[in-house]
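To find a chain, count down the sequence lines: A is the first, B the second, and so on, and within it residues start at 1. Computed from a prediction, not measured in an experiment: that's the story for all the values here.
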Amino acid sequence: MSVRVRIAPSPTGDPHVGTAYMALFNLAFARQQGGSFVLRVEDTDRARFQADSEQQLYDTLAWLGLDWDEGPDKGGPFSPYRQSERLDTYRPYVDQLLAAGHAYHCWCTSERLKEMREDQQARKVPTGYDRMCHGKSYDERAGLGGAQEQPVVRMLVPEDPPLSFVDVVRGEVHAPHPDDQVILKGDGFPTYHLAVVVDDHLMGITHVVRGEEWISSTPKHLLLFDWLGWERPQFAHMPLLRNTDKSKISKRKNPAARLTWFVEQGYLPEALLNFLGLLGYSQPDGTEIFTLADMARDFDWARVNTVGPVFDLDKLGWLNGHYVRELAPSDLADRLEPYLRDAGLYTGTADQRALLDSAVPLVQTRMAVLSECVELLRCLFVSDDDFAIDPVAREKALGADAAPVLAACADALEPLAEWTTETVQAAMDSALIDGLGLKRGKAYGPVRVAVSGASVSPPLPESMALLGKDKVLRRLRAAL
RNA sequence: GUCCCCAUCGUCUAGCGGCCUAGGACUCCACCCUUUCAAGGUGGCUACGCGGGUUCGAAUCCCGUUGGGGGCACCA
């Protein structure tokens, strides 16, 4: 029997980085085993459902190259892959559990349940449903207060449920004793616990790879598998990604929890994927630069750590810079275009593209993320009207003693017939270094600020060559 | 409060009883290169939480403790 794994995200907002993390490990394992990777959408929570979330999920996973074999958008032998479309599938199993006495109706209102829990916590006893409804009909229960007409269905958890199991990454795990979990909600939708078990079984899932936060509810799932007479899948509970303060990574505390953030910032998908593969995992030979294919080749659950790794943006930035430097210049230019466009510096004319192609080599080693190209390239693409000199840079480099330098530079460049990096640099050097007796660093400073508008810029003679004689002369004289 | 999971440099990690006076990477610092900033090169700082065992020998095994994290929903 071939391996089948799945991710089961909920469309409740921006796709979460944890989803990509799980997807990566699922996929690495599936690819290595020659198995299938299934994408199933767990949209059983109508209150939190967001319509555009599912498409964003497809987009970001595809962007990362985490390709699924079956899913709502692709179909597959076990369609549908959206739980909201499988409501009829779950009902018979609920009825079966009810008939077997493994489940019962509960009419308690959420207010009563809340009070019950608060009371339990105040008395310092473990929280859990007190079975007030168990064994009663609605009429019997209604007279006792705190009841509503529409019932839910709860599991009748026995005294001795299965509490331990062998986890693929952790070995033997002991999980807490569950309470009488709701499996069918008042609105007729199943809860995660029922849906996940039914779907995983029906879809032939062999390995359930999910976050550590699910360990404590695994006994409920084991019970359901057993009651329904189904073989249990293997479980792999991955460590949780953390914020800097070690708490579970969250959109509130960490922008990087949103997958779309990486696209906005200009991280390369190959870098993010590589980085995710470095969290809680390592290559046998210690290699740190690797692809999904590399990871799948010798994937081993035993190499997965049980400690939750902090999501460290510094290292991702370094990795991203590494991948940026590896890109073919024309490829990098393609990827830079959208950021320049958004900044209003670029419309995509042939001239602009030619300028971009020439400028890419100047900035390729200078950015960690793609969005940084805007500031790096601004001085080359900005119109004369919008060109401005940074006030701080002006203060530092364009004082009174700068005027002679700029003037000498402009005068030396003026007569140049041929305008290239070499001729520009030669003219500057002879006028400023030989002529004024300045060191190169001292001489280029004011020129850099006058021409680029900032004290940090791409290499100066190269930039001036790309800018053209007219613009350079105009900027030099304007700064006088 | 209660139950469960976890514990090596600031961060990601290697290590699965002797090869460890603990290795690599990121960050940081210094130097080199250098027209700014990067990139690149060289070097450096920094860790086995604590206490007991087991053993000839423990980062590695056991117990306790402390610390961190997660669950305890008609959310997943």
Enquirer: Please measure how far the P atom in B:G53 lies from the corresponding atom in B:C12, and state the result in whole Å.
Expert: 32 Å
Enquirer: Do the side chains of A:Leu432 and A:Val447 get nearer than 4.5 Å, heavy atoms only?
Expert: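 The answer is yes; the side chains approach within 4.5 Å.
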Enquirer: Starting from P on B:A25, measure out to CG on A:Asp285 and report it in whole angstrom.
Expert: 14 Å
Enquirer: In whole angstrom, give the distance that lies between atom CZ of A:Phe275 and atom P of B:A25.
Expert: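 Whole-Å distance recorded here is 17 Å.
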Enquirer: Examine A:Arg475 relative to A:Phe387 and say whether NZ or CZ is less than 6.0 Å from the centre of the six-membered ring and inside a 45° cone about the ring axis.
Expert: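 Flagged: A:Arg475 positioned over aromatic ring of A:Phe387.
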Enquirer: Using whole Å, report how far NZ of A:Lys220 lies from P of B:C3.
Expert: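 To the nearest whole Å, that distance equals 17 Å.
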Enquirer: Verify the distance criterion only: is there a donor paired with an acceptor across the side chains of A:Ser247 and A:Asn243 at less than 3.5 Å?
Expert: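 Yes - a donor-acceptor pair under 3.5 Å links their side chains.
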Enquirer: What nucleotide, of B:G70, B:C5, B:C75, holds the atom closest to the side chain of A:Lys248?
Expert: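 For the A:Lys248 side chain, the nearest candidate turns out to be B:G70.
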Enquirer: Taking B:U46 as the reference, what is the distance to B:U21 when you measure between their C1' atoms (whole Å, please)?
Expert: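 So the two C1' atoms sit 16 Å from each other.
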Enquirer: Is there a side-chain contact between A:Lys185 and the phosphate of B:C75, meaning an N or O under 4.0 Å from OP1 or OP2?
Expert: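 A:Lys185 to B:C75 OP1/OP2: side-chain N or O found under 4.0 Å.
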Enquirer: Grab the CG-C1' distance between A:Leu376 and B:A39 for me, whole Å please.
Expert: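 Computing the A:Leu376:CG to B:A39:C1' distance gives 12 Å.
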Enquirer: Main chain of A:Asp434, side chain of A:Asp429: is a donor-acceptor contact present, judged purely on distance under 3.5 Å?
Expert: no
Enquirer: How far apart are the C-alpha atoms of A:Leu345 and A:Leu377, what are their side-chain angles, what is the distance that settles it, and do they pass the side-chain contact (heavy atoms from CB on, under 4.5 Å) test?
Expert: CA-CA 9 Å; A:Leu345 292 173; A:Leu377 294 172; 5.8 Å; no
Enquirer: Take atom CG of A:Asp245 and atom C1' of B:G69, then tell me their distance rounded to the nearest Å.
Expert: 11 Å
Enquirer: Base, sugar-phosphate, or nothing for A:Gly186, non-hydrogen atoms under 4.0 angstrom?
Expert: base
Enquirer: For a quick check of understanding: with a heavy-atom distance under 4.0 Å over all strands, which category does A:Glu288 fall into, base, sugar-phosphate or nothing?
Expert: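 Answer is base: heavy atoms of A:Glu288 come under 4.0 Å of a base.
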Enquirer: Does A:Gln265 use its side chain to pair, donor to acceptor, with the backbone of A:Ala256 at less than 3.5 Å?
Expert: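 Absent.
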Enquirer: Over all strands shown, is A:Ser217 touching base, sugar-phosphate only, or nothing at heavy-atom distances under 4.0 angstrom?
Expert: nothing
Enquirer: In the 5'-to-3' direction, what one-character label does each nucleotide of nucleotides 33-38 of chain B receive under the scheme B = base within less than 4.0 Å of a protein heavy atom, S = sugar-phosphate only, - = no such atom?
Expert: --BBBB
Enquirer: Taking any heavy-atom pair under 4.0 Å as a contact, classify A:Cys106: base, sugar-phosphate, or nothing.
Expert: nothing
Enquirer: For the pair A:His177 (side chain) and A:Asp160 (backbone), establish whether a donor and an acceptor sit closer than 3.5 Å, ignoring hydrogens and angles.
Expert: no
Enquirer: C1' atom, B:C26 versus B:C63: distance in rounded Å?
Expert: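 So the two C1' atoms sit 37 Å from each other.
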Enquirer: Rounded to whole angstrom, note down the P distance from B:G41 over to B:A25.
Expert: 10 Å
Enquirer: I want to verify a distance call: between B:A76, B:C6, B:G71, whose nearest atom is closest to the A:Glu42 side chain?
Expert: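 That would be B:A76.
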Enquirer: For a quick test of reading the model: is some side-chain N or O of A:Ser216 closer than 4.0 Å to OP1 or OP2 of B:G70?
Expert: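 Answer is no, no contact under 4.0 Å.
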Enquirer: For B:U42, give the paired nucleotide (Watson-Crick: N1-N3 plus N6-O4 or O6-N4; G-U: N1-O2 and O6-N3; both under 3.5 Å), or none.
Expert: B:A30
Enquirer: Taking the P atom in each of B:G1 and B:A38, what is the distance between them to the nearest angstrom?
Expert: 49 Å
Enquirer: Just N and O in the side chain of A:Lys246: are any of them under 4.0 Å from OP1 or OP2 of B:A7?
Expert: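 For B:A7, neither OP1 nor OP2 has a side-chain N or O of A:Lys246 closer than 4.0 Å.
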Enquirer: Is the phosphate of B:C75, meaning OP1 or OP2, less than 4.0 Å from a side-chain N or O of A:Thr44?
Expert: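 So the side-chain polar atoms of A:Thr44 never come under 4.0 Å of the phosphate oxygens OP1 or OP2 of B:C75.
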Enquirer: Any idea which of B:A76, B:C12, B:A7 is nearest the A:Lys315 side chain?
Expert: B:C12
Enquirer: In this structure, how many angstroms lie between the C1' atom of B:C3 and the CD atom of A:Gln121, rounded?
Expert: 12 Å
Enquirer: How many angstroms lie between CG in A:Asp390 and OG in A:Ser455, if you round to the nearest 0.5 Å?
Expert: 6.5 Å
Enquirer: Take the protein atom CD of A:Gln283 and the nucleotide atom P of B:A25, then report the distance between them rounded to whole Å.
Expert: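 After rounding, the reported distance stands at 16 Å.
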Enquirer: Assuming nearest nucleotide by heavy-atom distance, tell me which of A:Pro151 and A:Ala175 is located more 5' along RNA chain B.
Expert: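 Between the two, 5'-proximity favours A:Ala175.
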Enquirer: Between A:Glu213 and A:Ser110, which residue's closest nucleotide on RNA chain B lies nearer the 5′ terminus?
Expert: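 Final value for this comparison: A:Glu213.
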Enquirer: Report yes if a side-chain nitrogen or oxygen of A:Arg117 is closer than 4.0 Å to either non-bridging phosphate oxygen (OP1 or OP2) of B:A73; otherwise report no.
Expert: yes
Enquirer: Taking 4.0 Å as the cut-off, does a side-chain nitrogen or oxygen of A:Asn305 come that near to OP1 or OP2 on B:C6?
Expert: no
Enquirer: What integer number of Å spans the C1' atoms of B:C33 and B:G15?
Expert: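 Those two atoms are separated by 37 Å.
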Enquirer: Across all strands, who's sitting opposite B:C50 as a Watson-Crick or G-U wobble pair, both distances under 3.5 Å?
Expert: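 The base-pairing partner of B:C50, which may sit in any strand shown, is B:G64.
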Enquirer: Is any side-chain N or O of A:Arg303 closer than 4.0 Å to OP1 or OP2 of B:G15?
Expert: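 Yes.
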Enquirer: When you compare B:C20 with B:C16, how far apart are their C1' atoms, in angstrom units rounded to a whole number?
Expert: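 Here B:C20 and B:C16 have their C1' atoms 14 Å from each other.
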Enquirer: Determine the interatomic distance between C1' on B:U2 and the same-named atom on B:U55; round to the nearest Å.
Expert: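 Here B:U2 and B:U55 have their C1' atoms 38 Å from each other.
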Enquirer: Give me the ring orientation class for A:Phe299 and A:Phe25: parallel if the planes are under 30° apart, tilted from 30 to 60°, perpendicular past 60°.
Expert: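 Rings of A:Phe299 and A:Phe25: perpendicular, over 60°.
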Enquirer: Could you please name the partner base of B:U2, counting Watson-Crick and G-U wobble pairs only when both distances are under 3.5 Å?
Expert: B:G71
Enquirer: From A:Leu272 CG over to A:Tyr323 OH, what is the distance, rounded to the nearest 0.5 angstrom?
Expert: 11.0 Å
Enquirer: Would you mind reading off the distance between A:Ile215 atom CD1 and B:G70 atom P, rounded to a whole angstrom?
Expert: 13 Å
Enquirer: Looking across every strand, which nucleic acid part, if any, lies under 4.0 Å from A:Val152 by heavy atom: base, sugar-phosphate, or nothing?
Expert: base
Enquirer: Of the nucleotides B:C5, B:A7, B:C12, which has the atom closest to the A:Val307 side chain?
Expert: B:A7
Enquirer: With side chains defined as the heavy atoms from C-beta onward, is the minimum distance between A:Leu66 and A:Trp68 less than 4.5 Å?
Expert: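 A side-chain contact under 4.5 Å is absent here.
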Enquirer: So, OP1 or OP2 of B:G1: does either fall under 4.0 Å of a side-chain N or O from A:Thr127?
Expert: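 So the side-chain polar atoms of A:Thr127 never come under 4.0 Å of the phosphate oxygens OP1 or OP2 of B:G1.
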